[in-house]
Peer 1: 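Before we start, here is the structure in question, set down as structure tokens.
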Amino acid sequence: MKPIFPATLLLVEDSPGDVRLTQEAFRDVNLNAPRPDLILLDLNLPKMDGREVLARIKEEHENLKTIPTVILTTSEAEADIDKSYRLQANCYLNKPVELEAFEALVKSINDFWLTKVKLPQQRPVG
Amino acid sequence: MKTIGGEGMPIEVLLVEDSPGDVRLTQEAFRDANSSIHLSVATDGVEAMAFLKHTGTHANSPRPDLILLDLNLPRMDGREVLAHIKENENLKTIPTVILTTSDAQSDIVRSYQLQANCYLTKPVQLDAFEALVKSINDFWLTKAKLPRQRQTV
């Protein structure tokens with residue numbers, strides 16, 4: 001199902017294979033626009049890890065905190081799940097290892113977050 | 001259908017809703033979608049907080065795995081309930097989904113500012129309402145990983 005408006009999505013992911021897979025699954029989404037409608041965030045990242053990115057989005061930036069941020073990670077650790085919700089992740093999902101399951105998950109992110117959920121429409125003007 | 005709380009434990013959902021018709025529809029739609037859900041209902045904000053804090057007649061209430069929260073409620077409105085949940089160290093990790101008839105941008109933005117996990121509008125049509133409850137079940141109760149902080153009584 002296609003989203004009802006042209007949605008902008010920011011994927012924060014260090015694995016090139018996972019980036020490719022996600023892009024292919026989301027084909028029509030523009031990954032380069034300035035303010036995303038939805039953020040998909042991996043936890044284990046080089047330089048600044050996902051927990052810190054999440055904390056900065058939700059705690060330091062009044063204009064970013066309303067952007068729904070979905071954790072998409074291989075970690076199933078209870079500590080990571082609890083910590084992420086504590087840091088105000090909007091939702092926590094596990095990346096499946098199998099290709100088909102991965103595509104199905106991306107499809108369900110699209111079906112739920114980009115067609116059912118009402119997102120804040122604070123687009124920059126212009 | 002998998003369960004979240006562990007073997008044989010039902011999935012605990014708290015619905016905070018004052019409209020008896022919407023309560024009935026939500027109960028029926030969840031019953032059809034997933035038999036392992038135990039749905040509790042609070043009909044106003046004060047009762048919702050009593051349920052979550054185990055006070056008064058709710059001393060033995062279960063900790064919800066998911067909260068569905070209407071915005072316009074008697075006694076204490078949904079925005080205030082949401083703020084209380086997300087400011088409480090013990091409750092803040094419970095995913096809280098706004099389910100309301102309001103599609104005002106101000107309500108949407110305010111709810112995300114108050115850390116709602118997601119915002120959904122109640123469809124007017126029966127079929128669409130049932131489909132939405134089913135998609136809440138499919139996404140939040142089968143795909144999403146929820147924190148497992150059950151309280152031991």
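Reminder, nothing fancy here: chain letters follow the sequence lines and each chain counts from 1.
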Peer 1: Membership question, hydrophobic clusters at under 4.5 Å side-chain separation (ILVMFWY): are B:Leu25 and B:Val124 in the same one?
Peer 2: no
Peer 1: Out of curiosity, does A:Val97 fall in the hydrophobic cluster containing A:Val106 (side-chain heavy atoms, cut-off under 4.5 Å, transitive links)?
Peer 2: no
Peer 1: Please check this pair: side chain of A:Arg86 against backbone of B:Glu89, looking for a donor-acceptor N/O pair closer than 3.5 Å.
Peer 2: yes
Peer 1: What closest approach, in Å, do A:Asn90 and B:Ala116 show between heavy atoms, and which atom pair accounts for it?
Peer 2: ND2-O, 3.2 Å
Peer 1: How many angstroms lie between atom CG of B:Leu114 and atom NZ of A:Lys65, to the nearest 0.5 angstrom?
Peer 2: 8.5 Å
Peer 1: Would you say B:Tyr119 and A:Pro68 make side-chain contact, with heavy atoms under 4.5 Å?
Peer 2: no
Peer 1: Could you check if a side-chain atom of B:Tyr112 sits within less than 4.5 angstrom of a side-chain atom of A:Ile67, using non-hydrogen atoms only?
Peer 2: no
Peer 1: Do A:Leu99 and A:Leu11 share a hydrophobic cluster, counting only Ile, Leu, Val, Met, Phe, Trp and Tyr and linking them when any side-chain heavy atoms are less than 4.5 Å apart?
Peer 2: yes
Peer 1: In sequence, state the C-alpha distance, the side-chain angles, and the governing distance for B:Lys143 and A:Leu93, and then conclude on side-chain contact (heavy atoms from CB on, under 4.5 Å).
Peer 2: CA-CA 7 Å; B:Lys143 298 283 196 311; A:Leu93 297 168; 4.2 Å; yes
Peer 1: Counting only heavy atoms not in A:Arg51, do more than 12 fall under 6.0 Å of its CZ?
Peer 2: yes
Peer 1: Answer yes or no: are there more than 12 heavy-atom neighbours, outside A:Glu60 itself, under 6.0 Å from its atom CD?
Peer 2: yes
Peer 1: With a 6.0 Å cut-off (strictly less than), is the heavy-atom count around CD of A:Glu98, excluding the residue itself, greater than 12?
Peer 2: no
Peer 1: Return yes when atom NZ of A:Lys58 has more than 12 non-hydrogen atoms of other residues, nucleotides or ligands closer than 6.0 Å, and no otherwise.
Peer 2: yes
Peer 1: A side-chain contact here means heavy atoms from C-beta on lying under 4.5 Å apart; do A:Val117 and B:Leu120 qualify?
Peer 2: yes
Peer 1: For A:Lys95, look at atom NZ and say whether over 12 heavy atoms of other residues, nucleotides or ligands are found less than 6.0 Å away.
Peer 2: yes
Peer 1: I need the B:Lys86 NZ to A:Tyr85 OH distance, nearest 0.5 Å.
Peer 2: 9.0 Å
Peer 1: Quick one: pull up CD1 in B:Ile136 and NZ in A:Lys116 and give me the separation to the nearest 0.5 Å.
Peer 2: 10.0 Å
Peer 1: Return the CD1 to OG1 distance between A:Ile81 and B:Thr93, rounded to the nearest 0.5 Å.
Peer 2: 11.0 Å
Peer 1: Once you round to the nearest 0.5 Å, how far does CD of A:Glu78 lie from CG of B:Leu146?
Peer 2: 9.5 Å
Peer 1: Rounded to the nearest 0.5 Å, how far does CG of A:Asn94 lie from NZ of B:Lys145?
Peer 2: 4.5 Å
Peer 1: Check whether B:Gln105 reaches the backbone of A:Gln121 with its side chain - one donor and one acceptor, N or O, closer than 3.5 Å.
Peer 2: yes
Peer 1: Parallel, tilted or perpendicular: which fits the ring planes of A:Phe112 and B:Phe139, with parallel below 30° and perpendicular above 60°?
Peer 2: parallel
